[in-house]
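Residue numbering restarts at 1 for every chain, and letters A, B, ... go by the order of the sequence lines. Basis for what follows: all heavy atoms, side chains included, without hydrogens, waters or symmetry-related copies.
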There are 2 protein chains.
Amino acid sequence: MDDKQLYLSSQVCFPLYSASRLITKAYKPYLDELGLTYPQYLVLMVLWENNGVSVNQITEKLGLNTNTLSPLLKRMEKMKLLQRSRSSEDERSVIIQLTESGKQLKLKARPIPEKLLTEILSDNIKIEDVLKLKDILNELIVVLSNKTESSRKI
Amino acid sequence: MDDKQLYLSSQVCFPLYSASRLITKAYKPYLDELGLTYPQYLVLMVLWENNGVSVNQITEKLGLNTNTLSPLLKRMEKMKLLQRSRSSEDERSVIIQLTESGKQLKLKARPIPEKLLTEILSDNIKIEDVLKLKDILNELIVVLSNKTESSRKI
DNA sequence: CACGTTAATATCGTGCACGATGCAAATATA
DNA sequence: TATATTTGCATCGTGCACGATATTAACGTG
């Protein structure tokens, strides 16, 4: 038995970690123009699709906890992108509403995904590869999030 | 023209970001036993393969900058996993040497990749999928790191 | 050999991630 | 209806990531 398994090159996890950081870096120039970080952009995507959701609903969509989102949303409120307010039905819930400028950003953000895709596509990466990548990653997410879910129940 | 592209579900980048965090979380119970974080584990993998390399060589292997690695290596030195010393040939370089306990950890870490793989494999994710995933990610990394390289030259 | 440039690290500031903990509102249970 | 439990969110502490900047050593050019 050798220990090839401990080589960086033979792991799946390192490429995943590395690619994720590189993608965020690739987004940066476009998001800089909007004055956003990548996680802030994710929050906006949730809100553009469904304005007026609770913090809890955002945590579920993004898989982030409130200890990450609370300060992030506070910063975004300070940036006048959104407003936080207690729900009247359930005083524990905080509802996140986009401001006008938060809504406006959607127009500026619209071309970003397309631009990123063209950066990625090349001789060695075709659109089928990107779609295949997405499929496998989504399966992986299902498996791994079920894992942490079931361990929570114990 | 619609804006489906701005839906979380249609992006590749979000699954990548999400899966990366979930994988790190999956590692956590095993790394906790060794008292390591995931980036620290990555540094050790580099050193197990090539002890006595410079900080610069580690940055290249992991794609991390010195502003991330310097404090990380300091913490690892404090944990008695490695030693930092100036190179005698080039006084600018800092050479990283594993301590005995740093070397010993390799034995404890050996079974981890296997364990993680079995956690991932399931009805919907076969070994071919994992290999395919790795291949596409590595191509993606090549494309994206060339990108940032060429933009540096400008 | 002086001196400008490059290269290898380090430091600083900011923004995530996330485990642990706290707190108040809602809900369940006795 | 008291009380225990759960739920939704916030706060705190630590460790990455990373842009910007500083520092010192090596190198190149006149």
Subject >> Test item: Arg75(A) side-chain N/O and Gln40(A) main-chain N/O as donor-acceptor pair under 3.5 Å >> reply: no
Original post:
Got a donor-acceptor contact below 3.5 angstrom from the Glu77(B) side chain to the Arg84(B) backbone?
Top reply: yes
Original post:
Between Ile95(A) and Arg21(A), which has a closest nucleotide on DNA chain D that is more 5'?
Top reply: Ile95(A)
Subject >> Which residue lies more 5' along DNA chain D, comparing Leu73(A) with Leu72(B) via nearest heavy atoms >> reply: Leu73(A)
Compare the minimum distances between each of [options] and the side chain of [X], then state the nucleotide with the smallest one.
X: Arg84(B); options: dA10(C), dC18(C), dA25(C); value: dA10(C)
X: Thr66(A); options: dT11(D), dT9(C), dA10(D); value: dA10(D)
X: Ser70(A); options: dC16(D), dA17(D), dA10(D); value: dA10(D)
X: Val94(B); options: dA25(C), dA10(C), dC9(D); value: dA10(C)
X: Asp90(B); options: dT11(C), dT9(C), dA26(D); value: dA26(D)
X: Lys25(B); options: dG15(C), dG8(D), dG19(C); value: dG19(C)

How long is the line joining [atom1] of [X] and [atom2] of [N], in whole Å?
X: Gln40(B); N: dC16(D); atom1: CD; atom2: C1'; value: 10 Å
X: Asp32(A); N: dT14(C); atom1: CG; atom2: P; value: 16 Å
X: Leu36(B); N: dC18(C); atom1: CG; atom2: P; value: 18 Å
X: Leu31(B); N: dC18(C); atom1: CG; atom2: P; value: 14 Å
X: Leu69(B); N: dA8(C); atom1: CG; atom2: P; value: 14 Å
X: Leu64(B); N: dA10(C); atom1: CG; atom2: P; value: 14 Å
X: Ile96(B); N: dA8(C); atom1: CD1; atom2: C1'; value: 12 Å
X: Tyr38(A); N: dG19(D); atom1: OH; atom2: C1'; value: 20 Å

Subject >> Spatial distance of atom OG1 (Thr99(A)) from atom NZ (Lys80(A)) [nearest 0.5 Å] >> reply: 9.0 Å
Original post:
With nearest nucleotides of DNA chain C determined for Glu89(A) and Tyr17(B) from heavy-atom distances, which residue corresponds to the more 5′ nucleotide?
Top reply: Tyr17(B)
Original post:
Which sits closer to the 5' end of DNA chain C, Asn67(A) or Thr68(B), going by the nucleotide each is nearest to?
Top reply: Thr68(B)
Is any side-chain N or O of [X] closer than 4.0 Å to OP1 or OP2 of [N]?
X: Ser93(B); N: dT9(C); answer: yes
X: Gln57(A); N: dG8(D); answer: no
X: Arg75(A); N: dC16(C); answer: yes
X: Thr37(B); N: dC16(D); answer: yes
X: Arg86(A); N: dG8(D); answer: no

Original post:
Using a distance-only test with no angle check, is there a side-chain donor-acceptor pair under 3.5 angstrom linking Ser54(B) and Gln57(B)?
Top reply: yes
**OP:** Classify the nucleic acid contact of Thr24(A) as base, sugar-phosphate or nothing, counting any heavy atom under 4.0 Å across all strands shown.
**Re:** nothing
**OP:** Mind checking Ser54(A) for me? I need base, sugar-phosphate or nothing, with any heavy atom below 4.0 Å counting as a touch.
**Re:** sugar-phosphate
**OP:** Using a strict cut-off of less than 4.0 Å between a Lys/Arg side-chain nitrogen and an Asp/Glu carboxylate oxygen, indicate whether Lys103(A) and Glu100(A) qualify as a salt bridge.
**Re:** yes
Original post:
Where does the angle between the aromatic ring planes of Tyr41(A) and Trp48(A) fall among parallel (under 30°), tilted (30 to 60°) and perpendicular (over 60°)?
Top reply: perpendicular
**OP:** Answer yes or no: side-chain N or O of Arg92(B) and base N or O of dT24(D) forming a donor-acceptor pair under 3.5 Å.
**Re:** no
